[in-house]
Amino acid sequence: MNQYTLTASHRNVLFGAMGLGIVCLILTWIGDDAYHTRFWTNFLHNSVFFTMISAMAVFFIAVCITAYAGWHTNFKRVWEAYSMFLFVGLGLLLIVALGVYMHWHHLYHWSDEAGVQNDPILKGKASFLNKNWYLFGTVIFVGTWAFFASKLRGLSLEEDRVGTTSFTQHKSMRFWAAILLPIIGFTSAAMIWQWVMSIDAHWYSTLFAWYSTASAFVSMIALTILMIIFLKSNGYYTEVNENHIHDLGKFLFAISVFWTYLWFSQFMLIWYANIGEETIYFRERYDNYPSLFFGNLVINFLVPFFILMRNDTKRKFGSVSFVAIIVLLGHWVDYFLMIKPGALINRNHAMGHGHDAAPAVGEAAHGAEHGAVAHTAEHASDFVAGFSMPGLLEIGTFVGFLGLFLFVALTVLSKAALVPKNDPYLEESMHHHVI
Amino acid sequence: MENKVNHTEVIYGLYNDEEDLLRAVKSAKQDHLEIYDVYSPFPVHGLDPILGLEESRLHQAGFIYGALGTLTAFLGMTWIFTKDWPIIFGGKPYWSVPAFIPITFELTVLFAAIGMTVTFYIVNGLGPGVVNNHLDDRITDDKFCIAFDKSQVSSEKAQSFFKSTGASEVNSKTI
């Protein structure tokens with residue numbers, strides 16, 4: 001079976017997940033504070049997480065083409081399908097960007113023009129951290145990735161139809177892939193600074209983009225493993241075997257270690273230098289989010305490290321998919337920990353001084369009402385639902401976005417043959433054998 | 001190891017290509033000829049499963065050496081910086097775990113690397129000054145070799161096997 005069809009039952013499951021996500025988003029919105037911070041953080045968190053996963057998919061396609069790699073060729077349609085989610089991700093992040101522009105939310109302290117005027121640090125960063133850059137970056141940069149993703153997929157499909165042994169399409173793909181690599185390398189860093197790091201606007205780390213990109217990369221590999229095992233269990237992809245899974249398992253292992261390396265490098269330098277404006281990021285998480293802070297390392301480093309260290313655990317579908325699920329959730333929590341603490345501080349700050357942040361005329365007044373209550377919360381390290389720990393609404397929202405992502409990916413997969421034809425590396429991939 | 005290989009009369013065939021070697025080993029297995037050993041200048045992909053060799057346990061030894069390195073570094077630094085010679089660096093506590101991590105990592109790698117290398121040398125009877133008796137010097141260069149123990153496989157049987165599988169040369173030797 002080389003042609004995937006999305007069965008009605010699978011489609012219903014995915015629609016159910018998306019429905020759950022929408023219900024959770026609505027419930028979050030209803031029970032939220034005046035700025036709807038919990039809603040917007042959840043929306044941003046999942047949009048960024050899945051957009052970065054699809055960005056990593058197109059990045060890795062480009063890496064494989066440029067590196068003359070052939071092991072992945074028979075399942076490369078999975079990555080192509082993932083990369084097509086960029087168009088949806090562009091739409092989702094456009095909503096966040098318009099929110100910055102129109103002051104629908106108060107996720108970013110720097111989007112509050114009046115506040116920035118009295119803040120020398122934010123004033124200094126204002127040439128990059130401003131609403132125009134945010135909107136421009138989101139639209140142009142994600143749009144560029146999406147353009148390259150569709151270009152590479154278009155060439156791949158064209159190769160299926162008219163490919164010959166002169167490999168015109170593959171050569172053309174090599175051209176586009178080589179151009180994409182530096183572009184996505186720099187622009188993804190810029191966008192991670194805008195989307196995620198600028199929530200803690202006073203703080204910055206040069207390692208941050210690497211670290212969060214590694215996080216997304218691990219998640220992308222984990223989702224690929226799960227997708228292939230899912231398709232195989234439905235009778236597709238008989239050509240993809242434990243040797244391909246073994247290599248994906250190696251990537252899952254290696255990039256998990258790489259992620260830990262970056263996490264630790266960022267942490268240790270800041271801990272060692274002990275400069276107040278840098279340590280504030282970790283102080284907040286260490287003091288108020290200890291279980292997530294340390295749990296993050298356990299599930300994203302110790303679990304994949306010790307389970308996937310052996311040869312056979314990377315080849316057995318049970319163990320490798322177990323680790324893939326753990327690590328996927330783990331990196332979702334990692335993004336949670338990047339976004340929520342800073343957003344909570346921003347919210348408390350804005351609510352405590354509801355008048356100087358003016359998201360909208362009606363909401364500002366509304367915010368001032370709650371100001372007194374929120375101001376006490378600002379200084380207490382109490383449990384805040386949806387921020388201190390992912391709650392049911394966060395998990396439901398994640399399920400919804402995952403459903404959307406998989407629905408897009410599976411729909412794209414059903415549009416073309418699962419195993420490509422006429423790819424110069426197809427034979428190599430079919431005979432891929434690692435031990 | 002050295003004693004075990006003494007005084008064995010072997011008959012061996014040399015092949016020019018690893019594909020010929022793989023085919024020959026397969027047909028030897030089919031004919032139930034007991035192979036004494038196979039020699040090759042480089043690891044031949046797919047040879048181990050055909051020969052039915054067990055997976056190497058070297059990496060398990062490597063894990064133990066690595067864990068030993070982790071413990072040595074971490075416990076060593078803990079003792080030095082809290083008991084033996086406590087010094088305050090940059091206002092940090094004596095027992096500063098983040099500062100220990102890089103050295104712990106380095107010693108883990110060092111212990112695993114050296115331990116595995118030494119183990120590999122000992123198990124294979126390698127090392128400085130060790131003289132190895134090669135069946136034929138060319139098996140370290142461009143020839144692939146299958147050897148039979150003459151007490152297990154008769155010369156005639158071996159000769160006809162080498163002929164049918166395309167060996168370029170057949171010799172006997174006592175090792």
Side-chain angles (χ1 to χ4, degrees), chain A residues 70-71 205 207 241-243 246-247 249-250 253-254 256-276 278-279 281-283 285-286 290 293-294 296-298 300-302 304-316 428 430-435, chain B residues 18-19 21-23 25-26 40 42-71 73-74 77 81 87-109 111-113 115-116:
Chain A
W71 62 278
S205 159
L207 254 174
N241 55 40
E242 65 273 18
N243 292 295
H246 189 168
D247 272 3
K250 285 177 196 166
F253 177 84
S256 287
V257 175
F258 180 64
W259 171 88
T260 316
Y261 165 72
L262 294 172
W263 185 95
F264 183 72
S265 300
Q266 181 174 271
F267 173 77
M268 197 193 69
L269 292 180
I270 289 174
W271 171 83
Y272 226 126
N274 201 16
I275 301 169
E278 290 179 350
T279 50
Y281 181 85
F282 284 109
R283 189 81 254 175
R285 284 153 181 79
Y286 191 89
F293 185 77
F294 293 109
N296 193 8
L297 283 178
V298 173
N300 288 333
F301 173 59
L302 294 181
F305 185 76
F306 283 109
I307 296 182
L308 291 181
M309 188 186 272
R310 286 181 58 84
N311 207 22
D312 55 353
T313 47
K314 293 196 271 293
R315 297 177 72 82
K316 285 177 189 150
E428 181 178 332
M430 292 298 195
H431 299 293
H432 186 57
H433 193 245
V434 283
I435 55 169
Chain B
E18 78 259 36
E19 292 296 324
L21 177 82
L22 274 177
R23 269 192 292 273
V25 172
K26 261 184 217 164
S40 149
F42 54 80
V44 175
H45 188 94
L47 186 59
D48 289 21
I50 301 173
L51 280 173
L53 296 182
E54 268 180 56
E55 197 191 334
S56 164
R57 293 196 302 279
L58 188 63
H59 51 268
Q60 286 162 5
F63 181 79
I64 293 165
Y65 296 134
L68 211 61
T70 313
L71 286 176
F74 201 80
M77 277 185 289
F81 288 117
I87 300 177
I88 294 175
F89 291 101
K92 298 285 187 287
Y94 292 133
W95 197 58
S96 300
V97 176
F100 295 174
I101 302 286
I103 296 146
T104 308
F105 168 76
E106 301 291 353
L107 278 206
T108 306
V109 174
F111 272 51
M116 283 170 88

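Letters A, B, ... mirror the listed sequences (proteins, then strands); counts begin at 1. What's counted below: heavy atoms across the whole structure, side chains too, no hydrogens, waters or symmetry copies.
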All inter-chain donor-acceptor pairs under 3.5 Å (chain A, chain B):
unit_1 : atom_1 : unit_2 : atom_2 : d
A/W271 : O      : B/K92  : NZ     : 3.1
A/Y272 : O      : B/K92  : NZ     : 3.3
A/H433 : ND1    : B/H45  : NE2    : 2.7

For this session: Identify which part of B/F63 has an atom lying under 4.5 Å from any heavy atom of chain A, answering side chain, backbone, both or neither.
Result: side chain
Exercise. How far apart are the closest heavy atoms of B/P98 and A/F267, and which atoms are they?
Worked result: CG-CE2, 3.8 Å
Exercise. Between B/A99 and A/M268, what is the shortest heavy-atom contact and its length?
Worked result: CA-SD, 4.4 Å
Exercise. Crowded around B/F100 CZ? As in, over 12 foreign heavy atoms under 6.0 Å?
Worked result: yes
